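Letters A, B, ... mirror the listed sequences (proteins, then strands); counts begin at 1. Keep in mind it's a predicted model, so treat the numbers as computed, not measured.
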There are 2 protein chains.
Amino acid sequence: MPAARPSNSRATINDVAARAGVSRGTVSRVLNAEAYVSDSARAAVEAAILEVGYVRNEAARGLVTRRSQAVGLIVHEPHSLFLEDPNIGSILLGINSALSEADYQLVSLVVDSDRDSDRVAGYITGGFVDGVVIISARAHDPIGRAVAAAGIPAAYVGHPIDVEGVPYAGIDNYSAALAITRRLVATGRRRIGMIAAGLDRDSGQDRLAGFTEALGPSFRKELVVEVPLYSHGCGLDGMRLLLDTDPEIDGVFASSDAIAAGALDVLREAGRSVPGDVGVVGFDDSAWALRTQPPLSTVHQPAGELGRRAAELVLAQLRGEDVGLGGSFLDTSIVWRTSA
Amino acid sequence: MPAARPSNSRATINDVAARAGVSRGTVSRVLNAEAYVSDSARAAVEAAILEVGYVRNEAARGLVTRRSQAVGLIVHEPHSLFLEDPNIGSILLGINSALSEADYQLVSLVVDSDRDSDRVAGYITGGFVDGVVIISARAHDPIGRAVAAAGIPAAYVGHPIDVEGVPYAGIDNYSAALAITRRLVATGRRRIGMIAAGLDRDSGQDRLAGFTEALGPSFRKELVVEVPLYSHGCGLDGMRLLLDTDPEIDGVFASSDAIAAGALDVLREAGRSVPGDVGVVGFDDSAWALRTQPPLSTVHQPAGELGRRAAELVLAQLRGEDVGLGGSFLDTSIVWRTSA
DNA sequence: TTGTATGCGTTATCAT
DNA sequence: ATGATAACGCATACAA
């Protein structure tokens with residue numbers, strides 16, 4: 001009887017080799033399905049693997065192969081994202097789907113404090129992942145810097161606000177806002193306001209620019225109210241301000257479906273009918289859009305595809321391809337329901 | 001000039017040692033803030049670290065220290081969870097918070113296909129994490145089995161449906177349902193129905209049992225409708241069925257806030273006033289509860305604390321403590337708003 | 001076809 | 001206080 005391993009320790013290739021009566025090299029070859037291993041050796045090794053309960057230490061393997069077959073997803077500001085952003089789940093699934101097909105493991109890392117930030121930066125540069133997808137955020141935070149300094153293949157979902165030279169997957173916010181505002185105009189609305197969020201990033205700025213362009217000369221600056229978040233609560237606040245400013249308002253473009261939902265609640269309270277008195281449109285085509293009363297006309301954002309595209313940008317770099325810098329844009333479409 | 005490293009490769013301890021004119025051992029001691037290193041050596045090493053741009057390879061470190069300082073979070077069924085469960089974000093943040101304090105990195109792993117399942121199992125057993133938190137789900141899936149077989153410290157959020165001997169963090173669903181139904185009764189409701197979801201797990205069963213107990217002899221079996229998911233859509237369906245069964249129904253206990261929100265929509269459509277004609281209560285105290293019209297009376301579930309507790313169960317095992325098996329229960333409370 | 005030797009980047013155990 | 005040297009678990013070039 002061969003000396004047994006201590007029961008608290010896991011079986012290694014050495015144990016398998018000893019049990020099968022072959023060398024470590026042969027075991028490794030069987031494990032990696034390489035050619036040039038005899039049927040008898042293979043059978044002995046496979047039996048031994050079962051007998052000793054061997055499972056490969058992927059971390060040790062990565063040390064020598066110099067790749068982990070894992071890609072990190074960095075999620076900043078989880079409070080607002082997870083609790084308010086209805087698209088985050090779809091983005092995550094899109095990323096996972098693309099990575100899964102390429103046999104990469106997605107590992108999601110949440111940054112919820114400065115302490116997290118440092119630890120995640122260490123994890124990312126510590127050899128646990130081969131690349132990273134970063135959701136929105138700014139590139140010049142500690143993690144963005146660490147990623148750039150370490151030269152780790154990366155891609156962003158959404159354009160980071162403070163840097164140009166990075167690959168990212170996004171949508172054309174300007175054109176989308178332009179298009180849906182034009183349709184609002186085409187339905188005969190004449191006093192159209194906007195509840196604008198995220199003006200500190202270019203997605204927000206672009207939506208405002210598209211809105212402004214669509215209205216042309218009839219644009220009225222006082223009918224744009226700025227709110228801090230893409231949230232339902234901010235929709236409540238924003239709509240109240242708009243009604244104060246112009247009680248005759250007959251159209252509203254909300255920066256997100258959640259904001260639009262808040263606006264609808266205020267309008268109902270104020271006794272305005274939608275779409276009779278006021279037409280309301282949103283942005284995202286998230287789960288909100290179907291729950292509102294009435295259902296929301298909105299810009300459909302291909303959240304899953306955005307995630308998938310960002311993941312593909314990373315995978316391409318992992319294959320050694322040059323993906324170039326700047327945005328990779330996906331198409332949006334307008335979903336016209338009954339709120340306008 | 002010392003031979004430079006190839007620019008595509010990262011600096012190692014050897015590079016730092018060479019640059020600083022000391023041995024690897026000394027560099028390692030500086031890195032780990034150990035005692036017995038002279039000020040001069042320390043200064044030289046620290047300078048060299050900056051000069052060569054050294055960042056530690058944590059994966060290699062884990063190979064020798066035999067711990068990764070990371071804990072995995074396994075999320076099954078992301079479609080329904082991420083898109084419908086409003087508590088998942090809070091749970092995640094609670095887990096992250098507890099791990100962060102103990103200097104562990106949380107890595108979230110999504111299981112969205114059989115392929116994912118195998119890959120995640122390999123990742124978990126592959127030395128990348130020291131322990132795992134598993135959200136709900138069943139324990140006898142490939143991952144649960146792999147975790148058990150490998151003897152990896154684990155804890156569940158919510159009671160897995162098909163296994164007993166695991167530590168988990170949960171709430172007392174029976175008592176919570178009992179309490180809120182009793183309050184519904186106390187407001188004078190006499191024809192009370194329930195929209196029940198998740199009857200395939202004991203959380204769902206326990207809520208039904210608490211409801212039944214609270215009603216006592218006035219319990220009417222036909223006023224319990226079963227729906228497959230904890231979703232808004234199922235709330236619509238369930239409420240329609242209840243109205244068909246008993247148009248005079250004056251109270252509803254919904255298995256979740258999302259279901260309650262759906263029920264409210266149907267009641268409004270049907271011209272019933274809430275809480276005038278019908279009292280409605282939910283479960284979760286999720287973001288839904290404040291958005292509904294009127295705001296929802298519901299059971300507050302400490303989602304963040306549940307995550308935190310599960311993480312602590314894993315951390316305790318990592319410290320070598322015996323956490324015992326079975327549930328670790330957290331208190332719920334009733335939030336009485338205006339829907340009942 | 002198989003075994004041996006070496007190295008991945010780090011910590012840890014010895015000496016000194 | 002510091003420097004060799006040996007692991008950690010695995011893959012791989014080379015020898016046989």
Please report the distance, rounded to the nearest Å, between [atom1] in [X] and [atom2] in [N].
{"X": "A:R67", "N": "C:dC8", "atom1": "CZ", "atom2": "P", "answer": "17 Å"}
{"X": "B:D15", "N": "C:dC8", "atom1": "CG", "atom2": "P", "answer": "11 Å"}
{"X": "B:E58", "N": "D:dC8", "atom1": "CD", "atom2": "C1'", "answer": "16 Å"}
{"X": "B:L31", "N": "C:dA12", "atom1": "CG", "atom2": "P", "answer": "12 Å"}
{"X": "A:N14", "N": "D:dC8", "atom1": "CG", "atom2": "P", "answer": "8 Å"}
{"X": "B:E34", "N": "C:dT11", "atom1": "CD", "atom2": "P", "answer": "9 Å"}
{"X": "A:R24", "N": "C:dG3", "atom1": "CZ", "atom2": "P", "answer": "12 Å"}
{"X": "B:I49", "N": "C:dT10", "atom1": "CD1", "atom2": "C1'", "answer": "14 Å"}

> Does any donor atom in the side chain of B:R56 or B:N32 lie under 3.5 Å from an acceptor atom in the other side chain?
Replying inline: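 The answer is yes; a qualifying pair exists.
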>> If only side-chain N and O atoms count, and only distance matters, is there a donor-acceptor pair under 3.5 Å linking A:D112 with A:H76?
In response: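 No - no donor-acceptor pair under 3.5 Å links their side chains.
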> Which comes earlier along DNA chain D counting from the 5' end, the contact point of B:A41 or that of B:A60, where each point is its nearest nucleotide?
Replying inline: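 Comparing both residues, the 5'-ward one is B:A41.
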>> Please compare A:N32 and B:S38 by the position of their nearest nucleotide in DNA chain D and report the one closer to 5'.
In response: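 Looking at DNA chain D, the more 5' nearest nucleotide goes with B:S38.
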Is there a side-chain polar atom (N or O) of [X] under 4.0 Å from OP1 or OP2 of [N]?
{"X": "A:R10", "N": "D:dG9", "answer": "no"}
{"X": "B:R66", "N": "D:dC8", "answer": "no"}
{"X": "B:S28", "N": "C:dT11", "answer": "yes"}
{"X": "A:T12", "N": "D:dG9", "answer": "no"}

>> Please determine whether the number of non-hydrogen atoms from other residues, nucleotides or ligands lying under 6.0 Å from atom CG of A:D103 exceeds 12.
In response: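 Enclosed.
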> Are A:E101 and A:R308 within salt-bridge range, i.e. N to O under 4.0 Å?
Replying inline: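 Yes, A:E101 and A:R308 are salt-bridged.
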Over all strands shown, is [X] touching base, sugar-phosphate only, or nothing at heavy-atom distances under 4.0 angstrom?
{"X": "B:R56", "answer": "sugar-phosphate"}
{"X": "B:A35", "answer": "nothing"}
{"X": "A:T26", "answer": "sugar-phosphate"}

> Taking the six-membered ring for Trp, are A:Y168 and A:H159 parallel (under 30°), tilted (30 to 60°) or perpendicular (over 60°)?
Replying inline: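 Answer is parallel, since the angle falls under 30°.
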>> Can you tell me how far apart OG (B:S97) and CD (B:E305) are? Round to the nearest 0.5 Å.
In response: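 Taking OG in B:S97 and CD in B:E305, the distance rounds to 8.5 Å.
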Counting only side-chain heavy atoms from C-beta out, which of [options] sits nearest to [X]?
{"X": "A:V22", "options": "D:dC10, D:dT2, C:dG3", "answer": "C:dG3"}
{"X": "B:Y36", "options": "D:dA1, C:dG9, D:dA11", "answer": "D:dA1"}
{"X": "B:L63", "options": "D:dA11, C:dT10, D:dG9", "answer": "D:dG9"}

> Is there a donor N/O on one and an acceptor N/O on the other, under 3.5 Å, for the side chain of B:R29 and the base of D:dG3?
Replying inline: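 For B:R29, whose side chain was compared with the base of D:dG3, there is a donor-acceptor pair (under 3.5 Å).
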